[in-house]
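Below is one structure, written out as structure tokens; comments come after it.
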Number of protein chains: 2
Amino acid sequence: MTTDAPTAKRRAGRPKQNVLSPRLIHETALRLIDEHGVDGAGMRAIAKELGVRPSSLYNHVAGQAALVAGVRDLVSERIPTEPFTRLPWDAALEQWALGYRLAFASHPPTIALLAVQPLDPDSATSLMYDAVAAALVRAGWPEERALSVIVALECFILGAALDLAADQTMLDPGPRTDVPGFSGVYRARASALAATGVSPADDAFEIGLRSMLIGLRAEFAALPSGGVARETTPGATTAGEKIAG
Amino acid sequence: MTTDAPTAKRRAGRPKQNVLSPRLIHETALRLIDEHGVDGAGMRAIAKELGVRPSSLYNHVAGQAALVAGVRDLVSERIPTEPFTRLPWDAALEQWALGYRLAFASHPPTIALLAVQPLDPDSATSLMYDAVAAALVRAGWPEERALSVIVALECFILGAALDLAADQTMLDPGPRTDVPGFSGVYRARASALAATGVSPADDAFEIGLRSMLIGLRAEFAALPSGGVARETTPGATTAGEKIAG
DNA sequence: ACCTGAACACCGTTCAAGT
DNA sequence: ACCTGAACACCGTTCAAGT
């Protein structure tokens, strides 16, 4: 329906030119997820979209699990790691977090899908971890702590991406009167954000990321290796200083 | 198979005594999720476990969406909020985070399921938000910022719960030699943690939670209302001080 | 090797028929 | 009101048969 050529009906038997490839299948899956949600991107729907029989897909992907692994790689490839080659570790982590969340935010329904699946060792995701890990160690983080720093930040990013994927009115307490504390802060935030145009999800992400980076800088400064903060961003907020609005 | 009484075969027609209830269905669903994962807890599996026909369930739950909402409420109810009634805001948030993660950690497969679904306004979850929100405002957080603080921390907690649900060897880069930075930090952490008995997920959660709380204390201290940190834990780490191992 | 076509073993959900 | 029993419209996956 949304594809290209007027697919003339195909007879059984191997076609002279391949009509499928793993890449094509993964990209179609991602597009269908974007358009119709995760439930609109099953094997049968993908086959239909490609003008092909469901069983044909199994010549290129092992099954549904392999399919979602491929889709995740597609999304992961778009997370830029080049900030780690030119910025101090904390500023690079911040850029990485923004890019990471954005990559998944572009495909909301994928998040829950991809976050749980075990990592395929031969994936683009491994290359991303390599770039981040190497940069942290270079900056002075102890080798045995770097990975937990990465995972901790990643936890926040994935949670924030989930929050972004959820309906923004998810937390609306409605006209209940038995939760005044909740209703109060909900309405206060709503009107404050309405004035600035910032979305609730962006607001929470911003304060969370800022807080975590402040904390990580403090942890870094407190390392046994001393205040040898070789590459921390000069003048960045590390403590209870006033934060620029 | 794992249930109680020797269910004698039932004839059609309304039984004198109800055999089902929403609560029973939700609890059975949660138990099946724990035992066989999310895929082993469909409508048909729940019915079978209860010795009943699938169609019977629809007399008590509207459908699958309503079912997972019920399961979420079951899990949410176990998150304690009483720390907010007796501790400073930052210490209470820390206890809340521990309890929150633990509640979901006890039922790993539920996490991805529950995090995306919109919140039912008439749910136990609303009561939890109410307790947290009221405590933050009481402590001196501006009403329009409290909710984003809660959501930011919640993002990290949910991400950490996802991480906990995932296979702990998920990140194992294996014997690859093209990602030395990644392999290095992975092995360094593995041997460091092997000595202490701490799990990778716990390690990341610990550093992330500590960092975020340090950051939030800094944000709090930097509020326009000044350093009126009425209830912050005395002597807690707020800046680049040495953190107790 | 790579497609079709038919089949298998599943789903969630609906609804009339019973009590 | 609340259960059974049968049916409907779906799934993912397998596999022989074609080229």
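A, B, ... follow the sequence lines: proteins, then strands. Residue 1 opens every chain.
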Subject >> A:His26 and A:Arg72: CA distance, side-chain angles, deciding distance, side chain to side chain donor-acceptor pair (under 3.5 Å) verdict >> reply: CA-CA 9 Å; A:His26 294 145; A:Arg72 175 177 55 186; over 6 Å; no
Original post:
If you round to the nearest 0.5 Å, how far is CD1 of A:Ile33 from NE2 of A:His36?
Top reply: 12.0 Å
Original post:
Looking at B:Leu209, B:Ile207, B:Asp203, which one forms a side-chain contact (heavy atoms from CB on, under 4.5 Å) with B:Phe205?
Top reply: B:Leu209
Subject >> Gap between atom CG of A:Leu158 and atom CZ of B:Phe156 - 0.5 Å precision >> reply: 11.5 Å
Original post:
Using 4.0 Å as the upper bound for N to carboxylate O, is an ion pair formed by B:Arg101 and B:Asp202?
Top reply: yes
**OP:** Spell out, as yes or no, whether a donor-acceptor pair under 3.5 Å connects the side chain of B:Ser148 to the backbone of B:Arg145.
**Re:** no
**OP:** Kindly indicate whether the side chain of A:Arg176, heavy atoms from C-beta on, has any atom under 4.5 Å from the side chain of B:Ser126.
**Re:** yes
Original post:
Is it true that A:Arg31 and A:Glu27 have a side-chain N and a carboxylate O under 4.0 angstrom from each other?
Top reply: no
Original post:
When the nearest nucleotide of DNA chain D is assigned to A:Asp39 and to A:Ala62 on a heavy-atom basis, which residue is associated with the more 5' position?
Top reply: A:Asp39
Original post:
Could you walk me through whether B:Gln95 and B:Tyr100 pass the side chain to side chain contact (heavy atoms under 4.5 Å, CB included) check?
Top reply: CA-CA 8 Å; B:Gln95 291 305 308; B:Tyr100 199 142; over 6 Å; no
Subject >> Helical stems, DNA chain C - three or more consecutive Watson-Crick or G-U wobble pairs below 3.5 Å >> reply: C:4-8 with D:12-16, C:12-16 with D:4-8
Subject >> First and last nucleotide of DNA chain D, 5' to 3', lying under 4.0 Å from heavy atoms of chain A >> reply: D:dC11 to D:dT19
**OP:** To the nearest 0.5 angstrom, please state how far the CG atom of B:Asp130 sits from the OG1 atom of B:Thr81.
**Re:** 9.0 Å
Subject >> 5' priority, DNA chain C, between B:Gln64 and A:His60 [closest heavy atom] >> reply: A:His60
**OP:** List in numerical order all residues of residues 12-20 of chain A for which some heavy atom is under 4.0 Å away from an atom belonging to DNA chain C.
**Re:** A:Ala12, A:Gly13, A:Arg14, A:Pro15, A:Asn18, A:Val19, A:Leu20
